[in-house]
Each structure stands twice: as structure tokens, then as C-alpha cells.
Amino acid sequence: MHIIWNFGRGACCASLLLGNTLFADDWPQWLGPRRDAVWRESGIVEKFPTNGPPVRWRATIGGGYAGPSVAGGRVYVADRQLAQGASKPSDPSDSSQIRSLERVLCLRETDGQLLWKYEYECPYTISYPAGPRVAPMVSGGKVYTLGAEGNLLCLDANKGKVLWSRDFKKDFGIKAPVWGFAGHPLLDGKRLICLVGGPGSTAVAFDKDTGKEIWRALTAKEPGYSSPVIYEAGGKRQLILWHPEAANSLNPETGEVYWSVPFKSGTGMSIATPRQLGDFLFFTAFYSGSLMLRLDAAKPEAATAWRTLKVNEKDTTQLNAVMCTPFLDEGFIYGVCSYGQLRCLKMDTGERVWETLQATTSGEPVRWANAFIVKNGNRFFLFNEKGDLIIAKFSPRGYEEISRAHLLAPTGEAAGRAVLWSHPAFANRRVYARNDKEIICVDLGLKR
């Protein structure tokens, strides 16, 4: 079943200059406009009001881990609805088939009104079946979405009409990963680069306008869940793709492999997006810890600068991140470790400088406790699994919390507790956040 519902017409583009100083911007993909977890808007509050920042609107949605995207006056989000008569398992790790619908929703940015939705039948066979994992990507009048069972869609961003689609499981003869397809597609020129899976097709580039395959590359037992990125080093644009067996660099135009460095991640858990600063390239995994590579300045090659030698999820030495993509800043690494420890490491050696649980659990270590990290100016915004938005400063001297507000209830379940594991979007001086029941728009702009 494939259904498109239209409810209205869109608004004008939301990227604009206000006066001479305040800059507003969209958030059209995973980790923001430049895919780097930096929120570059000005005119943002320094502290939250006593009663919290004002909620501009709320809209009812279904389940999912996929964060929203904001572009052109619209908010796009993917969710899952149980089919009539179906019920979700009491154990979130149960991967029994569940009759479901996946949906792509388009909301008006100003008030959350539903403009259109596209839905399709999608039986779930994965563990933690709340819903889609991948944030929509909006570019050139199109919105690209990837469902948890491998349905890749290109939709008209204004009307929700399907322009083309691919089915990873059918087209490549593969099964869904244990926790579903979760690598965010990367748009590079005419190529939409995806983490797929299967012999010779761990990475596949599709034509962004037709869905036709351009190239395929790499073989791994499991594709993992890490999102591809492109960095420039050694005189080349390098596509960095990390699967559970190795960190890899490819030519994004052809799929040619430049280099590969072994870095195994237990149970297929290559998740965090690789991060670069200068000639350093950083990877982090729940079981395996950290790998820091040094990129060659003259050619596309990489050598190990340092790595975690002790593989242990509890007795950790550097950074064993789960869902948190770390942030590299002025020679230091900031990220959330395996049991919720927000840590600072020296980038060149991996030496731990400090850690705190204040941003995540506020107490004892908790397995997989998480907070997402986004930088704005000289401070950071953290959205933790309790639904709290935090303004804080990081430095080698320590963690300085400036302000905190509770935005949403955690509606998911993991390790016997309620969690919220969906990355928010920061756009037009607002934050857009969702759980398994609603998406909200919260004003973070300075009052003038």
C-alpha cells in the first residue's frame, strides 16, 4: 500500500537575515547543513527562562528514532504506525515480525500543521522496533528518506509524490541489520551515497534524480550503522565509511578504495559518525573504544596515531561511545562514553582529562546513557535521553552547565528505563524535537 495525502501548500524559504546581525538557517539533514553538528545561527538565548523556553507548537506523530529535518519553511519527520490489530512486543529486543506502516510527514514550520504524508506497508523484523532511524534529507526540491527495513525513497518535497524508490533487501538480496538500516545517506553532487550491505555493496552510490546505481564498493559481514561523511585530506576529497570491520576511505566519485584500517566493532555496533579536525580522524565504538588516525598531508593515506588497547565496555580508558557522535574542538575530544560519562580527551594522545555524569544520568553510570552534542558559538547544546535540553560550556578545565530545560518525556524503553534517543534539529532559532508520540517546536531566540 502506497498512499500520499496532501493537506496544503508550503511556506516560503526560511533562510533569511534579520536586521544586520541575526542569522537564521535551516537544518536539512543529519547533523545540520554541513553535517558537522555545528549550529551557526546567532540571536540564541544565553539561558532558558525560569519556566523553560516557550513551546510554539506540538503535533502528534508515531514512533521512531529518526530526528526531524527543517528546510524551506517545512519540517520533515519519519515515523511508524502499527497496522490495525498489531501490537508491539513487550521486550524491545524482540525481532519478531510486526505488521507496520512507515510514514514520511511534512509539517508547516510555523504552526506544525500537516501538509502531506506518504505511507507504505513495512513489516518490521528488527530489534528495538520503535520506528525509522534516519532523519530525512532535503535538497533541490526533493526529500530523501531511508526506512528501518531498507526502503529508500525520493519524494517531491512540496507534494510528497514518489519520484523514485529502492528496496535494499530486495534489490541487493540482503537482510535488515539487527537494529535496522540506520546510516544516514550522504548527498554528494549527483550521488546519493548509502550504507547498504551485502557482498561488494556495503556502500552504494545512487543517482539522486533517478535512483539508478552509479557504483558499489566494500564487503563486510555487517554494514553497521555509521553515517558516511566526506572530508578533504591529502589533496583528495575522501568518503569516510566505517563498517564493523574497518575504517575506510573511498573516492566518492567512483567508489575506489584509497585506504582501509582495521577497527572491529562487536555485534556490528559501528554507530557514531567519524569526526575530523586538522589531520586527525576519530572513530569510537561501544565495545572497542577509540581509534585515532592521522591523515597524510600529501596523499590519501592514513596511519594510526593511537587506539584503545583494552576492549571493555565498562572498564574504559578513552571513549566508548554508543549513539553519541563526539565533537572535536581545539585539540580535545568531547563525547559520551558507554555508561553515560561525558568525557574530555586529549586529541593527540587519547589521555582522559575529565568526565562527568551530570549531563546524562546525574548520578550512577547507566548502560547506553546518552546525550547528543551540538555546538553553537562558544557553547554547546546537549539533548539527553531524559528529554532535557542543556546549555553548557566545555573546556579542558571541565564541564560548566549554564542552563537546563525539560522539553519532552522519554517514551522509548531500553535496559529497563524510559529513553529518548532521537537527535533534535536546530533551525531558525528554534529546536525541533520528537519522541514516540509528538514532535514539538521550541523557541530559543533572544527577545528583541
Side-chain angles (χ1 to χ4, degrees), residues 29-31 34-35 133-140 142-147 149-155 162-177 180-263 268 270 273-274 276 281 283 293 295-296 299-302:
Q29 64 168 333
W30 169 245
L31 299 184
R34 303 185 193 179
R35 211 177 179 92
R133 283 84 163 114
V134 174
M137 174 191 293
V138 189
S139 177
K142 300 179 177 68
V143 55
Y144 303 91
T145 65
L146 176 60
E149 291 284 345
N151 296 100
L152 178 66
L153 303 176
C154 174
L155 305 172
V162 177
L163 303 178
W164 58 261
S165 66
R166 299 295 299 256
D167 183 332
F168 287 176
K169 294 194 295 184
K170 180 180 177 181
D171 295 349
F172 295 90
I174 58 177
K175 295 181 179 180
F181 290 91
H184 290 74
L186 171 67
L187 189 60
D188 179 52
K190 68 176 182 178
R191 295 167 295 277
L192 185 70
I193 301 170
C194 298
L195 192 70
V196 177
S201 56
T202 295
V204 180
F206 302 95
D207 186 290
K208 71 178 181 66
D209 296 318
T210 66
K212 182 180 179 180
E213 183 179 320
I214 297 174
W215 57 253
R216 61 172 67 184
L218 299 176
T219 295
K221 184 178 179 180
E222 299 177 82
Y225 310 92
S226 181
S227 300
V229 286
I230 292 178
Y231 296 125
E232 188 162 341
K236 299 286 186 180
R237 297 175 66 252
Q238 300 187 38
L239 168 64
I240 306 301
L241 194 141
W242 173 38
H243 58 62
E245 297 170 26
N248 307 274
S249 168
L250 285 67
N251 181 333
E253 296 184 4
T254 66
E256 171 196 358
V257 178
Y258 287 137
W259 53 258
S260 183
V261 176
F263 184 48
S270 54
T273 302
Q276 179 215 17
L281 181 61
F283 303 82
L293 300 180
L295 301 173
D296 193 288
K299 53 187 178 298
E301 291 185 359

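Values below: all heavy atoms of this structure, side chains included; hydrogens, waters and symmetry mates excluded.
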Partner set under ring pair (Phe, Tyr, Trp, His ring centres under 6.0 Å) for His184, not counting sequence neighbours: Trp30

Reported CZ-to-CG distance for the pair Arg35 and Leu186, which is rounded to 0.5 angstrom: 4.5 Å

Side-chain donor or acceptor of Glu213 paired with backbone N/O of Val204 under 3.5 Å: no

Verdict with supporting geometry, Arg216 and Val196, side-chain contact (heavy atoms from CB on, under 4.5 Å): CA-CA 9 Å; Arg216 61 172 67 184; Val196 177; over 6 Å; no

Residues that Asp207 engages under salt bridge (charged side-chain N to carboxylate O under 4.0 Å, His left out), provided they are two or more places apart: none

Under 3.5 Å donor-acceptor, Asn248 side chain and Leu241 backbone: yes

Residue pairs involving residues 167-176 (criterion salt bridge (Lys or Arg N to Asp or Glu O under 4.0 Å); sequence neighbours excluded): Glu149-Lys169, Arg166-Asp171

Non-hydrogen atoms of Pro136 and Thr145 that approach each other most closely: CB-CG2, 4.0 Å

side-chain contact (heavy atoms from CB on, under 4.5 Å) evaluation trace for Trp259 with Lys299: CA-CA 11 Å; Trp259 53 258; Lys299 53 187 178 298; over 6 Å; no

Side chain to side chain donor-acceptor pair (under 3.5 Å) pairs, two or more places apart, involving residues 191-202: Asp188-Arg191

Nearest-0.5 Å distance, CD of residue Glu301 to NZ of residue Lys236: 12.5 Å

Where Ala302 and Leu295 come nearest, the two heavy atoms and their spacing: CB-CD2, 4.0 Å

Partners meeting side-chain contact (heavy atoms from CB on, under 4.5 Å) with Thr219 (sequence neighbours left out): none

For the student: nearest non-hydrogen atoms of Gly224 and Ser270, plus distance: CA-OG, 3.4 Å

Which atom of Leu195 lies closest to which atom of Gly183, heavy atoms considered: CD2-CA, 4.4 Å

Inter-residue atom distance Gln276.CD - Glu232.CD, 0.5 Å rounding: 9.0 Å

Donor-acceptor pair, side chain of Glu222 and main chain of Pro177, under 3.5 angstrom: no

Side chain to side chain contact (heavy atoms under 4.5 Å, CB included), paired with Tyr258, selected from Asn251, Leu250, Ile240: Asn251

Gap separating the NZ atom of Lys190 from the OG1 atom of Thr210, nearest 0.5 angstrom: 9.0 Å

N/O donor-acceptor pair under 3.5 Å between Trp164 side chain and Leu152 backbone: no

Separation between CZ of Phe206 and SG of Cys154, rounded to the nearest 0.5 Å: 12.5 Å

Sequence-distant partners of Tyr144, ring pair (Phe, Tyr, Trp, His ring centres under 6.0 Å), two or more places apart: none

Heavy-atom closest contact (Pro252 atom, Ile193 atom, distance): O-CD1, 4.2 Å

Audit row: Trp242, Val229, side-chain contact (heavy atoms from CB on, under 4.5 Å) steps and yes/no: CA-CA 10 Å; Trp242 173 38; Val229 286; over 6 Å; no

Atom pair SG (Cys194) and CZ (Phe181), whose distance is rounded to the nearest 0.5 Å: 10.5 Å

For the student: nearest non-hydrogen atoms of Leu239 and Pro228, plus distance: CD1-CB, 3.9 Å

